[in-house]
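Report on the following structure.
Owing to the predicted nature of the structure, the values given are computational and were not obtained by experimental measurement.
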Amino acid sequence: MQPVSFKGFAGVALKGDAFGAPDDPAVLLIHGGAQTRQVWDEVADALVKAGRHVIRIDLRGHGESEWPADGRYDFNAFVEDLRAVLAQMASRPVIVAASLGGWAATAALGEEGAHLAAGLVLIDSVPDMDFTAVCRPDDETGAQPCFDPVFARSFDPEAAVARVTGAAAHIRMPVLFVRGAESELSGADAAKGFLGNFENVEYAEIREAGQMVAAERADMFSATLLDFLERKVPRFAPEYRQGSDARTLRDALGCFATGVTVVTTLDEEGQPVGLTANSFTSVSLDPPLLLVCIAKTASSLDALEAAENFAVNVLHIGQQPTSNLFAKAGEDRFAATPWSRGHNGAPLLSGALANFECRRHALHEGGDHVILVGEVVRARFEPRRDPLLYFRGKYRRLHFA
Ligand SMILES: Cc1cc2nc3c(=O)[nH]c(=O)nc-3n(C[C@H](O)[C@H](O)[C@H](O)COP(=O)(O)O)c2cc1C
């Protein structure tokens with residue numbers, strides 16, 4: 001995380017932070033009224049893991065950003081701040097903005113800043129939203145919890161609605177509007193009415209979420225956001241490759257993400273044998289069958305074809321070295337790997353994410369591989385561990401659950 005600072009309207013210092021690789025496409029996160037940039041913690045994490053460069057700032061008078069010396073704390077100042085920040089950014093970001101931040105973003109982009117951003121994501125940001133529903137005064141103190149009195153004095157709701165609605169009609173970039181299904185800020189009808197102003201807009205509702213969707217259901221919000229970004233503002237321009245050659249086939253097959261297993265058995269002398277395999281698939285529940293494809297060139301094949309029993313060990317994220325060891329020739333694979341005999345004798349790797357003890361069910365011809373089908377006689381798994389993944393020839397880990 002890197003601290004960042006922008007000069008807002010009339011020189012106000014707007015503070016924030018940046019995450020991820022600066023070469024990745026940028027996403028600018030703008031919080032709503034009475035929030036700070038911390039509201040984005042989980043979303044920022046998910047975006048960085050999905051290959052985005054994230055910048056998040058505090059609006060003026062919020063978090064670490066300055067209160068303006070000239071006392072300007074009106075809606076126009078927020079709009080000008082945002083335009084100033086966009087002009088200082090190295091590339092055109094997608095703006096993700098909540099409530100007040102979203103109105104400011106819509107005004108900033110629709111009026112004259114269209115070239116400053118690549119997309120806009122609005123969260124519960126209907127301009128004529130019902131403040132009274134969420135800003136009930138505190139019973140004891142009478143204080144308005146989420147509508148700053150300085151801002152309230154200078155805020156003209158009707159003018160802001162007209163301004164934001166008018167600006168929306170000029171926005172041509174892809175827009176996503178996200179609403180908490182239980183949000184009290186704006187009804188679904190009001191939201192859909194507002195969306196009619198945009199030319200290129202999608203609407204999403206997040207279940208089990210109120211007005212703080214990005215914090216309350218960060219998992220569902222992040223998934224919706226990443227889906228929109230990958231479709232509408234992809235990290236790379238789509239560039240399909242095609243062909244009938246072996247390279248294209250391998251690369252295309254590598255687009256199917258898998259886990260990683262080690263398939264084990266005992267050879268005729270009772271010695272453990274095993275190899276790394278990601279060609280594992282469940283086949284049938286009744287009877288319980290699975291399969292794995294073993295290369296005809298694999299030295300383990302003879303033992304696997306001959307053995308009555310074998311085991312499939314699914315590796316967890318910490319077992320990348322085990323995967324490498326069982327894929328490399330000439331190593332004493334079991335000397336360096338803790339294991340024990342399963343009920344049917346086949347070696348079970350200790351600490352694996354899951355172990356399947358199998359009886360050989362069938363062997364099928366499969367081109368340069370043999371398809372080994374096993375009937376599962378016993379399964380064991382550890383539910384809290386993350387899997388080791390394999391995708392496009394590289395080990396990977398889960399982005400988020
Ligand atoms: C991630 C990964 C997945 C693999 N999947 C398979 C597979 O499904 N089937 C296979 O025969 N070999 C697979 N291999 C290659 C074997 O693990 C490798 O050729 C190993 O050295 C074979 O050992 P062996 O010749 O001692 O049997 C994979 C290797 C890696 C790194």
Side-chain angles (χ1 to χ4, degrees), residues 24-32 39-40 42-44 46-47 49-54 56 82 86 92-111 113-129 161 164-238 399-400:
D24 283 336
V27 177
L28 175 65
L29 301 176
I30 309 289
H31 63 77
V39 74
W40 301 114
E42 286 178 65
V43 174
L47 283 165
K49 285 177 175 159
R52 304 278 167 171
H53 179 53
V54 176
R56 58 177 190 176
L82 204 46
L86 290 169
R92 292 175 345 132
V94 172
I95 301 178
V96 179
S99 63
L100 168 67
W103 313 334
T106 306
L109 297 178
E111 287 167 359
H115 57 288
L116 294 174
L120 176 63
V121 178
L122 298 171
I123 304 164
D124 262 318
S125 196
V126 177
D128 52 351
M129 76 183 195
V161 170
V164 174
T165 308
H170 293 107
I171 292 183
R172 303 279 173 268
M173 67 191 72
V175 178
L176 170 68
F177 188 98
V178 185
R179 198 183 147 263
E182 287 133 40
S183 175
E184 294 175 301
L185 285 169
S186 58
D189 290 344
K192 285 178 185 161
F194 173 55
L195 296 193
N197 295 295
F198 290 95
E199 185 186 279
N200 181 7
V201 67
E202 292 181 19
Y203 175 74
E205 256 181 21
I206 304 284
R207 280 179 288 117
E208 298 162 33
Q211 43 270 15
M212 306 268 285
V213 289
E216 280 172 35
R217 289 310 313 253
D219 53 347
M220 287 167 76
F221 175 73
S222 298
T224 305
L225 176 60
L226 291 174
D227 170 67
F228 172 77
L229 292 177
E230 282 306 304
R231 282 185 296 107
K232 297 292 187 166
V233 196
R235 281 176 300 157
F236 308 100
H399 278 170
F400 49 85

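Distance alone, capped at 3.5 Å, places no donor-acceptor pair between the Ser222 side chain and the Val43 backbone. Arg172 places a side-chain N or O within 3.5 Å of a backbone atom of Ala169 that can act as its donor or acceptor partner.
No side-chain heavy atom of Ile206 sits less than 4.5 Å from a side-chain heavy atom of Glu216.
Considering all non-hydrogen atoms of both residues, Ala44 and Leu29 come closest at CB-CD1, 4.2 Å. Considering all non-hydrogen atoms of both residues, Gly110 and His170 come closest at O-CB, 3.2 Å. Between Thr106 and Ala167, the closest heavy-atom pair is O-CB, 3.4 Å. Val126 and Phe177 make their closest contact through CG2-CZ, 3.5 Å (heavy atoms, listed as atom of the first residue, atom of the second, distance). Residues Ala214 and Ile123 approach most closely at CB-CD1, 4.3 Å, considering heavy atoms. Residues Leu86 and Pro93 share a closest heavy-atom pair of CD2-CG, 3.6 Å.
Between Glu205 and the options Lys192, Arg179, Arg217, a salt bridge (Lys or Arg N to Asp or Glu O under 4.0 Å) holds for only Arg179.
Ring geometry for Phe221 versus Trp40: interplanar angle of 30 to 60°, hence tilted.
To the nearest 0.5 angstrom, Leu176 atom CG is 9.5 Å from Leu195 atom CG. Separating the CD atom in Glu208 from the CG atom in Asp219 is a distance of 8.5 Å, to the nearest 0.5 Å. Within the model, atoms OG of Ser125 and CG of Leu120 stand 8.0 Å from one another, a figure rounded to the nearest 0.5 Å. The structure places CZ of Phe198 at 13.5 Å from OH of Tyr203, a figure rounded to the nearest 0.5 Å. With rounding to the nearest 0.5 Å, the separation of CD in Glu111 from CD1 in Ile171 is 9.5 Å. Separating the CZ atom in Arg231 from the CG atom in Leu226 is a distance of 11.5 Å, to the nearest 0.5 Å.
Counting heavy-atom neighbours within 6.0 Å of Glu42 CD, excluding the residue itself, gives a total of 12 or less.
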Does the side chain to side chain contact (heavy atoms under 4.5 Å, CB included) test come out yes or no for Leu82 and Leu116, once each step is laid out?
CA-CA 10 Å; Leu82 204 46; Leu116 294 174; over 6 Å; no

Side chain to side chain contact (heavy atoms under 4.5 Å, CB included) for Arg92 and Met173? Distances and angles first, verdict last.
CA-CA 12 Å; Arg92 292 175 345 132; Met173 67 191 72; over 6 Å; no

Using side chain to side chain contact (heavy atoms under 4.5 Å, CB included), reason through Leu225 and Val27 one step at a time and then give a plain yes or no.
CA-CA 11 Å; Leu225 176 60; Val27 177; 5.5 Å; no

